[in-house]
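Taking it in order: structure first as structure tokens, then the write-up.
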Amino acid sequence: MRKSAYYVTTPIYYVNDSPHIGHAYTSLACDVLARFQRLDGHSVLFLTGTDEHGQKVEKSAAAAGWPPKEFVDEVSGRFRQLSELMNYSNDDFIRTTEARHIRSCQELWRRIAANQSPQGRDNIYLDTYGGWYSVRDEAFYGEAELIKDADGGRLAPSGAPVEWVEEPSYFFRLGDWRQRLLDYYGAPGSGTVMPESRHNEVVSFVEGELFDLSISRTSFSWGIPVPGDDAHIMYVWLDALTNYVTAAGFPDEESETYKTFWPADLHMVGKDILRFHAVYWPAFLMAAGLALPKRVFAHGWWTNEGEKISKSLGNVIEPADIVERYGLDQVRYFLLREVPFGNDGDFSHRAMVGRINSELANDFGNLAQRVLSMINKNCAARMPQAAELSEADKELLDAAHGLSGRVRGEITENHAFHEALNEIWVVVRMANGYVAGQEPWALKKTDPERMATVLYVAAEAIRHLAILAQPFMPESCAKMLDQLGVPADGRDFSCLGPEGAVKPATELPPPEPVFPRFVDDAAED
RNA sequence: GGCGGGGUAGCUCAGCUGGUAGAGCAGUGGAAUCAUAAUCCAUGGGUCGCAGGUUCGAGUCCUGCCCUCGCUACCA
């Protein structure tokens with residue numbers, strides 16, 4: 001019997017920016033989720049991609065002296081490279097400039113326009129939009145938001161200059177969908193918007209007055225034309241959000257992909273773009289008559305050594321730099337272990353090294369190394385055979401066998417990646433305590449059969465740990481499983497439990513440390 | 001200003017529906033020596049932000065105050 005399908009998305013990243021730790025973080029969380037679900041027997045669609053339209057992109061391209069399409073090809077490529085660098089397992093990489101997406105967007109618009117709001121009015125109507133507009137920010141601002149410069153002129157909150165602009169615009173009847181949105185969110189704890197504090201924020205926002213949304217522009221052309229009115233292009237958010245249904249096959253609703261994967265199980269987003277995903281997007285979908293995503297999760301942001309990250313401060317964290325310095329799986333581990341997922345976190349060298357040395361090298365890596373070394377030296381490099389199991393043996397094995405359930409809940413239900421890792425490490429520590437308590441090095445002389453049992457039990461515990469840690473650290477865990485003699489087809493979650501145990505006498509390769517300690521440069525302060 | 005959160009051991013934080021405070025890290029003292037000088041055991045008397053209140057009894061409920069964070073619409 002096939003388990004249910006799972007569709008998880010990252011936001012599509014705006015090509016006006018270059019990849020940084022924030023992008024890496026969002027995608028990493030999705031990657032771990034996607035890998036976990038695959039190992040757990042689900043068929044998965046894991047989507048990421050790039051958002052390539054909008055005035056800012058048009059201007060950046062012009063400034064670079066490139067046609068927009070060439071410009072976005074270049075920058076989009078950098079995000080593809082990020083996926084490779086970070087070892088993401090995305091099944092698709094969508095670009096909003098692709099034909100499939102343009103077709104999808106225009107069809108979605110037509111559907112929204114063809115339908116009426118719950119109040120029986122057209123969802124889309126033509127009107128005039130006027131406001132203080134900042135080209136640099138690509139945003140309209142309300143009078144109250146503006147700040148005054150030295151000469152009493154108006155500036156955007158960002159300090160960018162603004163100008164009064166009026167243009168014809170199509171509007172979306174967002175206000176009419178208010179109650180339907182509230183119904184969608186449900187009570188706190190419904191899991192539609194997570195974490196719960198974000199759910200509350202979204203609900204309180206929607207409970208207030210909802211204004212209709214301007215969803216087209218005429219002042220520039222780098223975008224998707226509005227069906228039936230080429231003078232307009234679609235508002236970038238409507239364009240961007242639609243990627244999620246595009247990749248699911250829309251508008252081919254009879255396609256296998258669409259039937260399997262839509263609606264999405266989870267849109268993972270940074271907290272800064274929660275509203276677009278939790279308010280506008282479901283409203284657009286309802287208006288188009290499509291099913292709604294099951295969940296939106298907003299995670300937090302990173303600081304660097306306690307400082308807010310900004311280009312002007314020059315402290316942007318580039319994924320390639322930290323991967324080179326600390327190692328890929330080490331970075332993947334750290335990002336999801338250091339901070340309760342959903343909260344803001346701080347990236348510091350000290351914390352990074354602490355996690356690498358204390359938890360990866362000393363706790364987990366050394367556990368595998370000490371056990372595998374003893375097997376290598378004392379069991380002729382073959383998986384030992386267990387004799388009768390003691391209470392201590394059973395206690396450790398029970399903990400290992402029970403681990404998957406707890407980890408599954410933390411990852412797939414709560415998205416508490418830090419807790420999932422914590423659960424795994426509880427058993428890592430337990431296994432170290434078990435080895436210390438059983439003293440297989442002493443049993444070597446007094447009771448070799450018992451020694452073999454202890455090493456077998458320890459190896460079996462490590463097998464469970466490595467299998468469950470795979471979504472977080474795929475390469476390192478693969479190495480560990482290689483050393484444990486676990487065949488390539490014996491590494492998914494159906495192989496957890498006693499039935500999946502490595503056959504006694506299986507030949508094992510010489511063990512090598514999987515997680516090296518991080519040694520600071522002498523020059524480091 | 002309005003609405004949500006938070007303020008607990010040096011650090012990061014747990015503490016369902018109230019009953020004399022916990023984990024990890026760091027520190028200290030032991031043990032062990034299989035292993036990446038890794039591991040294991042023991043050790044945490046902290047006004048649980050402040051002041052009141054309810055209660056036999058309150059980090060755990062109520063009131064007020066202080067501090068702090070987030071949201072308060074069309075920037076990805």
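Per chain, numbering begins at 1; letters A, B, ... match sequence-line order.
As rounded to the nearest Å, B:A38 and B:A58 have P atoms that lie 47 Å from one another. Taking atom P in both B:C71 and B:U36, one finds a spacing of 49 Å when rounded to whole Å. To the nearest whole angstrom, the two C1' atoms, one in B:C75 and one in B:C13, are 34 Å apart. Comparing the same atom, P, in B:C50 and in B:A9 gives a spacing of 11 Å after rounding to whole Å. Spacing of P atoms, B:C61 relative to B:U43, comes out at 31 Å, to the nearest Å. Taking atom P in both B:G10 and B:U63, one finds a spacing of 30 Å when rounded to whole Å. As rounded to the nearest Å, B:U17 and B:G59 have C1' atoms that lie 16 Å from one another.
Counting only heavy atoms from C-beta outward, the side chains of A:Thr50 and A:Thr96 never approach each other to under 4.5 Å. Taking the side chain as every heavy atom from C-beta outward, A:His267 and A:Trp281 approach each other to under 4.5 Å.
A donor N or O paired with an acceptor N or O is found under 3.5 Å between the base of B:A35 and the side-chain atoms of A:Asn366.
Nucleotide B:G52 is shown with an anti base, its glycosidic torsion being more than 90° from 0.
Listed in residue order, the members of residues 431-445 of chain A having a heavy atom less than 4.0 Å from RNA chain B are A:Asn432, A:Gly433, A:Ala436, A:Trp441.
Residue-level contact check: A:Val279 touches neither bases nor backbone, having no heavy atom under 4.0 Å from any strand.
Aromatic ring pairs are classed by plane angle as parallel below 30°, tilted from 30° to 60° and perpendicular above 60°; the pair A:Tyr280 and A:Phe284 is tilted. Using a 30° and 60° split on the angle between ring planes, A:Phe276 and A:Trp237 fall in the parallel class, below 30°. Ring planes of A:Phe472 and A:Phe417: perpendicular class, angle over 60° (limits at 30 and 60°).
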Listing time: all N or O pairs from protein to nucleotides 21-29 of chain B that are below 3.5 Å?
none

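Ionic pairing of A:Arg95 and A:Glu98 is not present here: no N-O contact between side-chain nitrogen and carboxylate oxygen is shorter than 4.0 angstrom. Between A:Asp212 and A:Arg121 there is no salt bridge, since none of the side-chain N atoms of the basic residue sits less than 4.0 Å from a carboxylate O of the acidic one.
Of the candidate nucleotides B:A38, B:A73, B:A76, B:A76 has the atom nearest to the side chain of A:Ile273. In this structure, of B:G4, B:A76, B:U36, it is B:A76 that holds the atom nearest to the side chain of A:Asp51.
Taking atom CZ of A:Arg517 as the reference point, atom P of B:A35 lies 16 Å away to the nearest angstrom. Following rounding to the nearest Å, A:Tyr280 (OH) and B:A73 (P) show an atom-to-atom distance of 9 Å. Remark: P of B:G70 and CG of A:Asp272 are 13 Å apart, rounded to the nearest angstrom. What separates CD of A:Glu196 from P of B:C3 is a distance of 19 Å, to the nearest Å. Distance A:Asn200 CG to B:G6 C1': 14 Å, rounded to the nearest Å. Atoms CG (A:Leu213) and P (B:A73) sit 13 Å apart, rounded to a whole Å. A:Leu455 has its CG atom 9 Å from the C1' atom of B:C34, to the nearest Å. Rounded to a whole Å, the NZ atom of A:Lys271 is 17 Å from the P atom of B:G5.
Taking only side-chain nitrogens and oxygens, A:Arg370 never comes nearer than 4.0 Å to OP1 or OP2 of B:U39. Look at A:Asn357 and you won't find any side-chain N or O under 4.0 angstrom from OP1 or OP2 of B:A38.
Aromatic ring centres of A:His23 and A:Tyr13: separated by under 6.0 Å.
Of the residues near RNA chain B, A:Val15 and A:Leu210, the one whose nearest nucleotide (by heavy atom distance) lies more toward the 5' end is A:Leu210.
A 3.5 Å limit on both hydrogen-bonding distances identifies B:U72 as the Watson-Crick or G-U partner of B:G1.
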